[in-house]
There are 2 protein chains.
Amino acid sequence: MATIHDVARVAGVSISTVSYALSGKRSIADSTRQRIDDAVQQLGYLPNAGARMLKGTRTNILAVSAPLHAGTYAPAHMTFVLSVATAAREYDYDVLLLTQDEATSGISRVAQSSLVDGIILLDVSNEDPRTDLVRRLGLPATVVGVPAETDGLTCVDLDFERAAEMCVERLVDLGHTDIGLLGQAPLVYKRGSNFPPRFRSAFAQMGARLGAHTTFAPTDEDSASVVAAFDRISAALPEMTALVMHCNEPVQSMVLEILRQRGIRVPEDLSIISACSTFDTDHLNPPLDVIPLPADKSCTRAIALTMEQLAGNVDPHVELIEPTYVELGSTSSVTH
Amino acid sequence: MATIHDVARVAGVSISTVSYALSGKRSIADSTRQRIDDAVQQLGYLPNAGARMLKGTRTNILAVSAPLHAGTYAPAHMTFVLSVATAAREYDYDVLLLTQDEATSGISRVAQSSLVDGIILLDVSNEDPRTDLVRRLGLPATVVGVPAETDGLTCVDLDFERAAEMCVERLVDLGHTDIGLLGQAPLVYKRGSNFPPRFRSAFAQMGARLGAHTTFAPTDEDSASVVAAFDRISAALPEMTALVMHCNEPVQSMVLEILRQRGIRVPEDLSIISACSTFDTDHLNPPLDVIPLPADKSCTRAIALTMEQLAGNVDPHVELIEPTYVELGSTSSVTH
DNA sequence: CCGCATAATCGAAACGTTTCGACGATTTCG
DNA sequence: CGAAATCGTCGAAACGTTTCGATTATGCGG
């Protein structure tokens, strides 16, 4: 492996000149820079990561803590991990993956051995031990999601409350007064995951405020549960004309399947909105109006915030991303 | 952050003594070791990763190259990434995630900057540019999957041919003579992904050898495609009494849904085997006999092989994992 | 034409480890 | 009982960078 010494020798300069030429921190004669660039090219030189970590104050590595909880939808999880990795590369950062048990203990380990410059926390629950940990470590860190206690934390997330409100507002505007909400797995609400309850209660409140009847049912991923949940909602709201789905892709396609079987037409008989979904709803049958959960946006912002923390100019705060509504034809106004 | 100097000072010894006490590479008096351990504990000392990488010959980091291709089933993908990370930790290795465009170019980058000791390649296709790359780099590397050309490569994978044969053998043993195969997305077969065609042709060959009629159809993930594919198979094999599914979870549950709708009973009217699945089939309705695709086994072995390469005692070779058949009641003998 | 700011380059120190060779102090053994 | 082997410890070098002064060459105003 070529070192900076090799480059210096080939270019006929000292190593400090090479270093300055590459970092651009001091002015270098054009001719010299050219020779150095050539040597670098020829030798395929890349600075040794260890040496750079040791000397410089940066490791150019970020830890991403991504435990896979039961009830977490794997594709969504994956989408976030990938988005973080991609966003990090924009700043010349690599990503170290901490999962499972290591998702918590690994944080201390990599922080104390100065392996990483910062930490990204994914899939935080309300009372997440990792939040205290990063507070204590004092390392730049950004949480994707909003835990119960956000003091001293930098967080980014979709504005789930606003998203729920947008769903209700739109449907009420279209004349709907009986609106169901199909939620995630019961476990998700119990485990203390943060956004599902947030969405659920904002939904109920907005419904109450605008004078609509709403009801809620969680569901597991198997078809029996989905049918049961749908029936429960239908029973509670016999006049239901609109349904908001805040759940996984398989569940959403099962619901559409149930509707087809029962001859319930979308949107003529039932208006449907897919809320906070990480997947494309336009290949569903029919395509569903959706408020996307923008993993790329959240993660890009999370990385940007972490970089700002590294630069030292940002105070802990919570940033909520404004939801957007995408119309694909699965809602219509009520016609009596 | 505490350094080895701090530990040495607190314990009242030289830094080399501390280093030897921690690495165990030279004998140390019990009393001294005790004082050192105490100091380490008290200071929360962990060796600086950069310094260790620089001096030692190991970085204790592995790169895992995991591009997410179109047509790749995200949960399966995620399962492999997690398994690699978990297995690596058993050897005190961390995992650096290379995805998307960086899945290829990042390999050279992290290798040439000596950031990683080895590389794990996931989801390789027949002609994968990454295989040439790792051959050229000469860094310890293990491929999970089997590309077209395996010379000079260390590969681990489920024995897909054997799995296909097991399916056919079992069904023929049970008296079935008309056996369908429902495959993955057409794209997967076109892209040059390796195992789906391997499975498919072994399936056909074994069918021919045992005198069974077989037919094959790929399918996309939407319900229209699934129905079409199922109908195509049924049309080609009007007497079909058994179906092997080598496809994603959503597709498999859609098929079960179709069967329910049409009143086709499992296993009375149709025996079903779920082949090479990364998910649990026992929560399906009904639970399906399955030959699992053991991500943890493959990845654990891949990491072990990489560690052996690091130790310098293993030659490039291909290792195939023997499939296992799990009976859950979705197959039965033909009754006329 | 002299002194001085500026540009371009260099040498050396420092980052925190690991590891080699050295050196007393014990122990072993012929 | 003396030489040799072993044990426990230490100092110093080396890994490949970055960066801080220092040094030399160059251009400029007075």
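Proteins get letters first, then strands, A, B, ... in listed order; numbering begins at 1 in each. Scope of the values below: all heavy atoms of this structure, side chains included, with no hydrogens, waters or symmetry mates.
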Query - Verdict with supporting geometry, A/T154 and A/T142, side-chain hydrogen bond (donor to acceptor under 3.5 Å, both in side chains) - result: CA-CA 5 Å; A/T154 300; A/T142 304; 5.3 Å; no

Report summary line: Outer limits of DNA chain C sitting under 4.0 Å from a non-hydrogen atom of chain A, read 5' to 3', are C/dA7 to C/dG16

Query raised in the report: Would a distance-only check, ignoring hydrogens and angles, find a side-chain to backbone donor-acceptor pair under 3.5 Å from A/S193 to A/S125?
Result: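 Pair absent, no side-chain N/O of A/S193 close to backbone of A/S125.
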
For [range], which residues have at least one heavy atom under 4.0 Å from DNA chain C?
{"range": "residues 28-35 of chain B", "value": "none"}
{"range": "residues 46-63 of chain A", "value": "A/L54, A/K55"}
{"range": "residues 11-21 of chain B", "value": "B/I15, B/S16, B/S19, B/Y20"}

Query raised in the report: Does B/D123 have any salt bridge (Lys or Arg N to Asp or Glu O under 4.0 Å) partners at least two apart in sequence or in another chain, and if so, which?
Result: none

Report task. State which residues pass salt bridge (Lys or Arg N to Asp or Glu O under 4.0 Å) with B/D92; sequence neighbours excluded, sorted by chain then number. Result ->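 Salt bridge (Lys or Arg N to Asp or Glu O under 4.0 Å) list for B/D92, sorted by chain: B/R89.
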
**Report entry** salt bridge (charged side-chain N to carboxylate O under 4.0 Å, His left out) pairs, two or more places apart, involving residues 125-134 of chain B
**Finding:**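 Only B/D128-B/R130, B/D132-B/R135 qualify under salt bridge (charged side-chain N to carboxylate O under 4.0 Å, His left out).
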
Let me have the donor-acceptor pairs involving side chains of residues 13-21 of chain B, under 3.5 Å, with sequence neighbours excluded, atom names and distances please.
{"residue": "B/S14", "atom": "OG", "partner": "B/S16", "partner atom": "OG", "Å": "3.0"}
{"residue": "B/S14", "atom": "OG", "partner": "B/T17", "partner atom": "N", "Å": "3.4"}
{"residue": "B/S14", "atom": "OG", "partner": "B/T17", "partner atom": "OG1", "Å": "3.1"}

Query - Nearest heavy-atom neighbours spanning B/T131 and B/P147 - result: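 Closest heavy-atom pair between B/T131 and B/P147: CG2-CG, 3.9 Å.
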
Query raised in the report: What are the two closest heavy atoms between B/A85 and A/T99, and how far apart are they?
Result: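 In this case the closest contact between B/A85 and A/T99 is CB-OG1, 3.8 Å.
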
Query - With sequence neighbours excluded, residues passing side chain to side chain contact (heavy atoms under 4.5 Å, CB included) with A/Q100 - result: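 Scan of A/Q100 (side chain to side chain contact (heavy atoms under 4.5 Å, CB included), adjacent residues dropped) gives A/L68, B/L82, B/T86.
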
Give the table of side-chain donor-acceptor pairs shorter than 3.5 Å for residues 32-46 of chain B, with sequence neighbours excluded, one pair per line with atom names and distance.
{"residue": "B/Q34", "atom": "NE2", "partner": "B/D38", "partner atom": "OD1", "Å": "3.2"}
{"residue": "B/R35", "atom": "NH1", "partner": "B/A11", "partner atom": "O", "Å": "2.6"}

Query raised in the report: In chain order, what residues pass the side chain to side chain donor-acceptor pair (under 3.5 Å) check against B/S83, with sequence neighbours excluded?
Result: none

**Report entry** Rounded (10°) bend between the five-pair end axes of the helix from C/dC1-D/dG30 to C/dG30-D/dC1
**Finding:** 50°

Report task. State whether a side-chain donor-acceptor pair under 3.5 Å links B/Y93 with B/D117. Result -> yes

Query raised in the report: For the atom pair CG (A/L122) and NE2 (A/H77), what is the distance rounded to the nearest 0.5 Å?
Result: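 Reported to 0.5 Å precision, the distance equals 6.5 Å.
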
Query raised in the report: Using 30° and 60° as the class limits, which term best fits the ring planes of A/F195 and A/F160: parallel, tilted or perpendicular?
Result: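 Correct class here is parallel.
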
**Report entry** Any A/I321 side-chain heavy atom under 4.5 Å of A/D159 side chain
**Finding:**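 No, too far: nothing below the 4.5 Å cut-off.
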
